[in-house]
Amino acid sequence: TYPGCEKIVINTSGGRQQRFLLEDKNGHLWLGTSNGVAIRRKGQTKFEFLPANHPLTSLVVTELALDKENNIWVGSESGLHKITEGKIKMISKYKDIPFKRTTGVAQVPSGAIYLNVNGLNSFYKYEQGLLQPVKFEDPILQRPHEVFHMLGDKKGNIWIGSSPSYKIG
């Protein structure tokens with residue numbers, strides 16, 4: 001380890017792969033894996049995977065994002081989930097809209113959440129409880145690309161980490 005850094009070992013039995021890590025405003029660390037979600041609460045030394053009967057246990061996590069209200073957004077191969085103060089809400093399932101995995105979640109200053117599905121040119125906006133398809137007019141986004149991550153900045157831009165990369169302003 002590097003000076004001042006802490007080494008943390010995470011049990012990855014069962015073939016779990018760590019994919020996403022974020023820290024919420026309470027200092028808890030959230031880990032998205034190929035087999036569910038784990039949390040390391042502030043002041044604790046170990047990550048704990050959510051219990052076996054938890055709705056997010058067997059998910060293949062494809063995205064983790066934090067919004068300005070400290071909600072955790074979990075994209076998976078089965079839909080989009082929102083964790084608010086320990087409560088989980090399924091925002092959309094695979095049967096509701098044509099996607100198998102969420103690969104980008106970004107919030108803009110208005111509070112709207114944008115997401116990318118299937119890693120392709122499929123974008124949606126979630127606002128006031130409604131999930132609707134979005135078509136960006138920028139001609140660069142009309143070309144095929146694969147989205148890996150999205151980020152909304154304080155100016156209202158959405159940054160898209162893809163192959164190639166884009167900024168929607």
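For clarity, every value in this text was computed on a predicted model and none was experimentally measured.
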Enclosure of Lys25 NZ (heavy-atom neighbours >12, cutoff 6.0 Å): yes
Minimal non-hydrogen separation, Ser110 against Lys68, with atom names: C-NZ, 4.3 Å
Heavy-atom check, side chain of Val108 versus side chain of Ile158, under 4.5 Å: yes
CD-CG distance between Gln107 and Leu115, expressed to the nearest 0.5 angstrom: 12.5 Å
Thr33 side chain vs Gly36 backbone, donor-acceptor pair below 3.5 Å: yes
Pair His28-Glu23, side-chain donor/acceptor within less than 3.5 Å: no
Closest non-hydrogen atom pair between Ser76 and His81, with its separation: OG-CE1, 4.0 Å
Closest heavy-atom pair and its distance - Pro109, Gly156: CD-CA, 3.5 Å
Verdict with reasoning, Phe123 to Met150, per side-chain contact (heavy atoms from CB on, under 4.5 Å): CA-CA 11 Å; Phe123 295 94; Met150 291 171 42; 3.9 Å; yes
Spatial distance of atom CG (Asp24) from atom CG (Asn70) [nearest 0.5 Å]: 4.5 Å
Glu48 atom CD, neighbour heavy-atom count above 12 within 6.0 Å: no
Under the ring-ring contact (aromatic ring centres under 6.0 Å, His included) test, residues paired with Tyr126 that sit two or more places apart: Trp73
Intermediate values then yes/no, side-chain contact (heavy atoms from CB on, under 4.5 Å), Ile83 and Val74: CA-CA 8 Å; Ile83 303 174; Val74 181; 3.9 Å; yes
Inter-residue atom distance Leu80.CG - Thr62.OG1, 0.5 Å rounding: 9.0 Å
Reported CD-to-CD1 distance for the pair Gln44 and Ile39, which is rounded to 0.5 angstrom: 10.0 Å
Separation of Glu127 CD from Ile113 CD1 (nearest 0.5 Å): 9.5 Å
From Leu66 atom CG to Asn71 atom CG, the distance as rounded to the nearest 0.5 Å: 8.0 Å
Gly152 to Ala106 - nearest heavy-atom pair and separation: N-CB, 3.4 Å
Residues Ile72, Leu64; criterion side-chain contact (heavy atoms from CB on, under 4.5 Å); working and verdict: CA-CA 7 Å; Ile72 308 291; Leu64 276 182; 4.0 Å; yes
Audit row: Val61, Val37, side-chain contact (heavy atoms from CB on, under 4.5 Å) steps and yes/no: CA-CA 7 Å; Val61 176; Val37 176; 3.8 Å; yes
Side chain proximity check, Leu31 to Phe20, heavy atoms < 4.5 angstrom: no
Pairs where residues 104-113 contributes a residue and the test salt bridge (charged side-chain N to carboxylate O under 4.0 Å, His left out) is met, not counting sequence neighbours: none
Atom of Val134, atom of Tyr124 and distance for their closest heavy-atom approach: CG2-C, 3.9 Å
Contact summary for Glu63 and Val105, nearest pair of heavy atoms: OE2-N, 3.3 Å
